[in-house]
Amino acid sequence: MCRFLTIIIALIITCTCKAQTNARLTERLDSLLDNVEQIYASKRARIDLYKAMINSNSKPETILSTYEKLYDEYYVFQFDSAMVYVNKAIELADRTGDKFHHDKCRIEKSSLLAVGGLYGEAVGLLREIDSTTIDASLRFDYTITSYFIYTYWADYCHDQTYSPRYRKLAANYLRQAVAMLDKNDPYRDFFLGEYYIYVDRNDSRALEHYFLTLKKVPVESRWYAMASFAIANNYSANNDNIRYEQYLLNACISDLLSCTRENLALQDLAMYLYKKGDKNILRAERYINFAMNDAKSYNNRLRILEISQKLPVIVSNYREKLSQQNRFMRAMLWGVSILFVFA
């Protein structure tokens with residue numbers, strides 16, 4: 001009996017600690033949302049610095065390197081601007097006969113097209129690259145980009161015909177990519193996590209690698225956000241809602257710190273809070289609207305489509321809650337007025 005009580009008390013304490021952790025993370029997320037323009041301002045200042053470097057330098061190799069830095073800065077921040085600079089990089093590489101960057105920049109453009117929801121165009125551009133003659137250092141990038149393209153395409157289709165077909169293609173490319181992984185690659189554990197989720201179907205092994213990713217990359221990294229999001233979904237699949245919320249909050253915080261406007265975590269958090277009950281509706285409404293504004297600013301077709309299906313449900317419930325509050329306030333005012341008259 002004593003042992004049973006000890007276990008129960010330990011579980012209560014653990015759940016309480018986790019709930020407190022989630023409350024602190026929620027407070028942190030709300031603070032970041034309140035100050036997001038300051039975060040974006042720092043991002044834009046860094047971008048302006050790179051642009052100034054282009055104007056002050058005439059060496060093709062330096063300009064090409066700066067174009068790539070600008071592409072990286074804009075990659076998940078602003079689709080159209082990222083496209084401008086990757087196209088400039090491609091044009092300069094072709095003009096100077098730089099085959100390495102001819103291939104590298106086209107792989108980067110394919111990745112960008114996929115993030116922007118242009119999956120057919122992304123695949124078409126990759127197929128223009130001769131994978132048998134590309135530099136050995138680009139083969140992993142080429143293969144893992146194919147994995148991401150078909151993963152996003154499967155998510156977009158979300159049906160019983162094309163989605164399974166694209167997931168199978170994605171798994172095949174992921175299997176090939178993992179075989180090429182460099183042991184010193186800083187993102188190696190993230191890709192191994194993906195492998196154990198989507199190829200080997202081993203959740204516990206996947207978690208090990210995702211947690212290792214969190215230890216190796218900064219919180220302000222998109223890789224931290226993606227690993228946190230993967231961990232959250234792992235816990236959700238195993239019905240651990242407290243940890244699901246915790247790592248979903250971590251992913252949202254990391255997305256904001258890394259200026260990732262191409263995100264899914266915040267809209268999933270909004271839906272989770274909405275399903276938890278009325279006291280979370282106001283926060284859910286704020287999160288889903290922010291996610292929609294980010295998706296529009298980035299110009300992500302997939303995210304806009306996803307949010308457009310969720311937003312009306314949350315907003316409708318939010319308005320109903322406001323209406324109930326207004327009816328309650330009117331009733332209270334009438335009651336106070338009547339008491340005042342008869343006093």
Visitor: Are R222 and D255 within salt-bridge range, i.e. N to O under 4.0 Å?
Guide: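 The answer is no: the pair does not qualify as a salt bridge.
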
Visitor: Over 60° means perpendicular and under 30° means parallel, so classify the ring planes of W223 and Y187, tilted if in between.
Guide: parallel

Visitor: Looking at every non-hydrogen atom in both residues, tell me the closest pair between N241 and Y272 and how far apart they are.
Guide: O-OH, 3.4 Å

Visitor: Just wondering, are more than 12 heavy atoms of other shown residues or ligands nearer than 6.0 Å to OH in Y142?
Guide: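 Yes, enclosed.
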
Visitor: Are the side chain of T66 and the backbone of M53 linked by a donor-acceptor contact shorter than 3.5 Å?
Guide: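 Such a contact is absent between T66 side chain and M53 backbone.
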
Visitor: Count the heavy atoms of every other residue, nucleotide or ligand shown that sit under 6.0 Å from CZ of R44, and state whether that count exceeds 12.
Guide: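 More than 12 within 6.0 Å, yes.
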
Visitor: List the steps, then state whether side-chain hydrogen bond (donor to acceptor under 3.5 Å, both in side chains) holds for S236 with N238.
Guide: CA-CA 5 Å; S236 176; N238 289 285; over 6 Å; no

Visitor: Mind jotting down which residue pairs meet the salt bridge (Lys or Arg N to Asp or Glu O under 4.0 Å) criterion with at least one end in residues 171-198? Sequence neighbours excluded, please.
Guide: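 Sorted result for residues 171-198: D189-K216.
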
Visitor: Which atoms form the tightest heavy-atom contact between M83 and L112, and what is the distance?
Guide: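 Taking every non-hydrogen atom into account, N-CD2, 3.5 Å.
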
Visitor: How are the rings of W153 and Y119 set relative to one another: parallel (under 30°), tilted (30 to 60°) or perpendicular (over 60°)?
Guide: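 Ring orientation, 0 to 90° scale: parallel.
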
Visitor: Where do T132 and R139 come nearest, in terms of heavy atoms and distance?
Guide: O-NH2, 3.9 Å

Visitor: Does S163 use its side chain to pair, donor to acceptor, with the backbone of Q160 at less than 3.5 Å?
Guide: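 No, the answer is negative, given that no donor and acceptor are paired below the 3.5 Å cut-off.
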
Visitor: Students often mix this up, so state it plainly: with edges at 30° and 60°, are the rings of H209 and Y196 parallel, tilted or perpendicular?
Guide: parallel

Visitor: State plainly whether the residues D155 and R167 are in salt-bridge range, i.e. N to O under 4.0 Å.
Guide: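 Judged by the 4.0 Å cut-off on N to carboxylate O distance, D155 and R167 do form a salt bridge.
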
Visitor: Go through the steps for Y50 and Y85 under the test ring-ring contact (aromatic ring centres under 6.0 Å, His included), then give the verdict.
Guide: CA-CA 12 Å; Y50 286 136; Y85 286 101; over 10 Å; no

Visitor: Hey, is NZ on K275 packed in by over 12 heavy atoms from elsewhere, all under 6.0 Å?
Guide: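 Not more than 12 within 6.0 Å, no.
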
Visitor: To the nearest 0.5 Å, what is the distance between CD on E68 and CD1 on I63?
Guide: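 Reported value, rounded in 0.5 Å steps: 13.0 Å.
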
Visitor: State which residue, out of H101, K99, R106, fulfils the side-chain hydrogen bond (donor to acceptor under 3.5 Å, both in side chains) condition with D103.
Guide: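 Option passing the side-chain hydrogen bond (donor to acceptor under 3.5 Å, both in side chains) with D103: K99.
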
Visitor: What's the shortest heavy-atom distance between C252 and L29, and which atoms?
Guide: CB-CD1, 3.9 Å

Visitor: Find the distance between CZ (F229) and CG (L269) and round it off to the nearest 0.5 Å.
Guide: 10.5 Å

Visitor: Quick check for you: to the nearest 0.5 Å, what is the distance between S228 atom OG and Q246 atom CD?
Guide: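 Going from OG on S228 over to CD on Q246, the span is 9.5 Å.
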
Visitor: Other residues, nucleotides and ligands only: do more than 12 of their heavy atoms fall within 6.0 Å of CD on E61?
Guide: yes

Visitor: Using a distance-only test with no angle check, is there a side-chain donor-acceptor pair under 3.5 angstrom linking D135 and S137?
Guide: yes

Visitor: Is atom CZ of F100 surrounded by more than 12 heavy atoms (other residues, nucleotides or ligands) closer than 6.0 Å?
Guide: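 Correct, the count exceeds 12.
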
Visitor: Run the ring-ring contact (aromatic ring centres under 6.0 Å, His included) test against Y71 and tell me which residues pass, sequence neighbours left out.
Guide: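 Partners of Y71 under the ring-ring contact (aromatic ring centres under 6.0 Å, His included) test: Y75.
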
Visitor: Please give me the minimum heavy-atom distance between S254 and A225, naming the atom from each residue.
Guide: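 Closest approach of S254 to A225: OG-N, 3.3 Å.
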
Visitor: Roughly how far apart are Y152 OH and Y147 OH, rounded to 0.5 Å?
Guide: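 Answer rounded to 0.5 Å: 8.5 Å.
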
Visitor: Taking the six-membered ring of Y40 as reference, does the NZ or CZ atom of R261 fall below 6.0 Å from its centre and within a 45° cone about the axis?
Guide: yes

Visitor: Can you tell me how far SG of C157 sits from OH of Y150, rounded to the nearest 0.5 angstrom?
Guide: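 Y150 atom OH to C157 atom SG measures 11.5 Å (nearest 0.5 Å).
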
Visitor: Quick one: does Y298's side chain get under 4.5 Å of V115's, heavy atoms only?
Guide: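 Counting from C-beta outward, Y298 and V115 do come under 4.5 Å.
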
Visitor: Short question: side chain of D98, backbone of D94 - any donor-acceptor pair under 3.5 Å?
Guide: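 Judged by distance alone, no pair lies under 3.5 Å.
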
Visitor: Would K69 and E73 pass as an ion pair if we require N to O under 4.0 Å?
Guide: no

Visitor: Between the main-chain N or O of R243 and the side-chain N or O of D240, is there a donor-acceptor pair closer than 3.5 Å?
Guide: yes

Visitor: Measuring from atom CG of N233 to atom CG of D268, what distance do you get when rounded to the nearest 0.5 angstrom?
Guide: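 Here the interatomic distance stands at 6.5 Å.
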
Visitor: Check whether T260 reaches the backbone of L256 with its side chain - one donor and one acceptor, N or O, closer than 3.5 Å.
Guide: no

